[in-house]
Each structure stands twice: as structure tokens, then as C-alpha cells.
Amino acid sequence: TLFYLTEGIRNTIHITESKFSFTKLLAKLFNGIYYQRSFVNTSKSVYPHIYSGILTLVITPLFFSKQISRRERLIYGVLYLFLIISFCVPIVGNIWHAFVYPTGFPYRFAFLFSFLSIYLTARALEQGVWREKPVPFSCLIWSLVLGFLLVIQEINFTSWFWNQVLLTLLVLIALFTEGEKWRTFIGLLFVALTFAEVTVHQLTTVKKMDQVTPFTLYDQTITQAETEFIAYREKW
């Protein structure tokens, strides 16, 4: 692996923005938000594929409450912050790509951010944060973030409304199903909410398939034999 990293062909085209829009990173945390990408992108508007659910969005910040040991909060807080910086500062993000600009597919470390969010959510729920009042407060904060993203036109009204519905459902679950006796019922509600989220997310993907696959721009910007491209497309 080290040999190929040092001797292989390096991509010198910058396919990530030099000044990353933090508002787009915030928007990507919500359900159904996509931005156009391609393997060959001259507009430099390629953004990471990150989304791990409304539950992780609300609960992950609560991991850093006093119920979790200071040592855990410090370790995971530093890692979480470093991943966010990696999204926003391409020079730091390139560390995850063997210290060079990524070839074709940027932000390959994005799955680590999603995985860490899911893990911290599980740890927080394990420590009983769901039985605490900060859950509705966290939903309120993210609701305000949603409103801000709508005002600056980073998301459309449909996306705003759907994500507000998800946040409202979490608030209702938190307010009316507290205590150990509701544990099984809460679990079932989480499963139902997740299925609803995934369904809408996948429907959004299908509608925007031509925007999230490389072939739309790839065919227009790369000169190659037509038969070679057809074979490549059929293979994928």
C-alpha cells in the first residue's frame, strides 16, 4: 500500500473547495439534502456524503453531558472536532487521503464521521440521556438551525418541513414516554421513525440520481472512445 501511495499517479486537480461552506456541512446533517458531485467537477462544489439520522443529530451533542466521564468526552470530542475540521479545511482533510488531493471521490473519511455519530448516540442512550430534559432542548436548537438554513436558502421548504416533522416526533416521544416502563415502546418508535426516514431519504436519492452519479458530467468532459464508455457504464 505504501509503495502504491508513493509511486502511483497523483491527481493534481482540486476537487474540493478551498473555502468550504460550513452551512452546507450543517445542511448535509439533515434528511434528504444532496449536492451535485462528479468525478470530474470544474465548479469545485463537491461536498461530503454524511447523514446518519435525526436521532444521532439530536443525541450526539448530549453525549458531552456530565453523565459521560470527562476522559471519554475529551477523547471523542477531540476526534469529532478533528473530523469536522477535516471537512472544512482541505489541507487537513488530505491527511485522510495519504496527504494528497483525493483522486475522483473526495471526503473518503466521511463514513468515520457518520460511524462516530452513531456510536456516540448509542453510548449516550446507554447512559440514560433519554430520561433527561435536554432532549427537547436539543431538538429546539436543531429546529432553529433548520430555520436558519431555510432563510439563507441552503435547503428548500419541503426539506425544512420534513425535518421539522422528524424533530417534532422526537420531542413528543421524549415528553410523553419517559421512564423504564416505556423502554420497549420507545425502541419500537425509534425503529418506526428510522424506517420512515430511510424511505424518504431513498426516494430523494432516486429523484436526484442524475445529480449524484458521475456519468452526467463524466460523459461531457472526458474524451474517450464511445464503445469504451458504454462498456464502463454497463459494468457499473
Side-chain angles (χ1 to χ4, degrees), residues 1-2 4-6 8 10-31 33-37 39 41 44-127 129 132 134-135 137-139 141-142 144-146 148-149 152 154-155 163 197 201 212:
T1 301
L2 181 62
Y4 279 109
L5 287 175
T6 55
R10 300 299 179 87
N11 184 12
T12 57
I13 302 175
H14 293 206
I15 57 174
T16 54
E17 289 190 340
S18 58
K19 292 183 179 180
F20 186 86
S21 172
F22 184 69
T23 55
K24 279 184 167 55
L25 179 63
L26 284 176
K28 284 290 294 175
L29 297 174
F30 291 94
N31 187 283
I33 307 299
Y34 287 95
Y35 297 106
Q36 183 173 335
R37 65 164 294 272
F39 287 132
N41 191 299
K44 298 182 183 179
S45 58
V46 183
Y47 297 97
H49 296 293
I50 49 174
Y51 177 72
S52 51
I54 203 74
L55 186 61
T56 63
L57 191 65
V58 170
I59 300 297
T60 297
L62 303 182
F63 170 85
F64 300 97
S65 61
K66 293 182 179 180
Q67 286 126 304
I68 309 296
S69 68
R70 184 179 299 178
R71 179 175 178 272
E72 268 194 282
R73 281 181 285 158
L74 178 62
I75 291 174
Y76 290 114
V78 169
L79 179 57
Y80 208 72
L81 180 62
F82 185 72
L83 286 169
I84 292 175
I85 294 174
S86 298
F87 287 130
C88 299
V89 184
I91 295 177
V92 179
N94 287 343
I95 294 175
W96 301 96
H97 300 91
F99 301 95
V100 295
Y101 288 103
T103 302
F105 186 50
Y107 306 110
R108 299 186 188 218
F109 58 91
F111 76 96
L112 293 173
F113 181 85
S114 296
F115 179 84
L116 184 60
S117 298
I118 295 170
Y119 175 75
L120 297 185
T121 298
R123 283 287 294 126
L125 290 174
E126 187 180 48
Q127 295 300 313
V129 297
E132 301 295 327
V135 174
F137 180 73
S138 180
C139 290
I141 296 299
W142 286 113
L144 294 175
V145 172
L146 261 180
F148 170 72
L149 294 173
I152 65 173
E154 201 63 77
I155 62 175
N163 282 280
E197 268 192 284
H201 208 55
V212 297

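Because the structure is a prediction, the values reported are computed rather than measured.
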Rounded to the nearest 0.5 Å, the CG atom of Leu144 sits from the CG atom of Leu149 at a distance of 11.0 Å

Could you tell me if the side chain of Ile118 sits less than 4.5 Å from the side chain of Thr121, heavy atoms only? no

*asked:* Side chains of Ser117 and Tyr80: any donor to acceptor distance under 3.5 Å?
replied: yes

| query | Do Leu81 and Val78 come within less than 4.5 Å of each other through their side chains, counting heavy atoms only? | reply | no

What one should report as the nearest heavy-atom pair of Ala110 and His49 is CB-O, 3.7 Å

| task | For the pair Arg108 (side chain) and His97 (backbone), establish whether a donor and an acceptor sit closer than 3.5 Å, ignoring hydrogens and angles. | result | no

Are Phe113 and Phe115 close enough that some pair of their side-chain heavy atoms sits under 4.5 Å apart?
-> no

Whether Asn163 side chain and Asn31 backbone form a donor-acceptor pair below 3.5 Å: yes

So CZ of Phe87 and NZ of Lys28: to nearest 0.5 Å the spacing works out to 10.0 Å

Can any side-chain N or O of Thr60 pair as donor or acceptor with the backbone N or O of Thr56 at less than 3.5 Å?
-> yes

d(Ile84 CD1, Leu25 CG) to nearest 0.5 Å is 7.0 Å

Checklist entry - Looking at Tyr76 versus Tyr119, is the centre-to-centre ring distance below 6.0 Å? => result yes

- Are Phe148 and Thr23 close enough that some pair of their side-chain heavy atoms sits under 4.5 Å apart? yes

*Can you find a pair of side-chain heavy atoms, one from Trp96 and one from Leu83, that are under 4.5 Å apart?*
yes

Output for pair (Glu154 CD, Leu26 CG), nearest 0.5 Å, gives 9.0 Å

Shortest non-hydrogen pair, Ser138 vs Val58, comes out as OG-O, 2.8 Å

Practice problem: Flag the pair Phe137 / Ile141 as yes when at least one side-chain heavy-atom distance between them is below 4.5 Å, and no otherwise. | Solution: yes

OG (Ser65) and CD (Gln67) are apart, to the nearest 0.5 Å, by 4.0 Å

*asked:* Do Phe30 and Val145 make a side-chain contact, defined as non-hydrogen atoms from C-beta onward lying under 4.5 Å apart?
replied: yes

Discussion item. Run the side-chain contact (heavy atoms from CB on, under 4.5 Å) test on Phe109 and Ile95 for me, step by step, so that the C-alpha distance in whole Å, both residues' side-chain angles and the decisive distance to 0.1 Å come before the verdict.
Written reply: CA-CA 10 Å; Phe109 58 91; Ile95 294 175; over 6 Å; no

One should read off an interatomic distance between Glu126 CD and Phe63 CZ, to the nearest 0.5 angstrom, of 10.5 Å

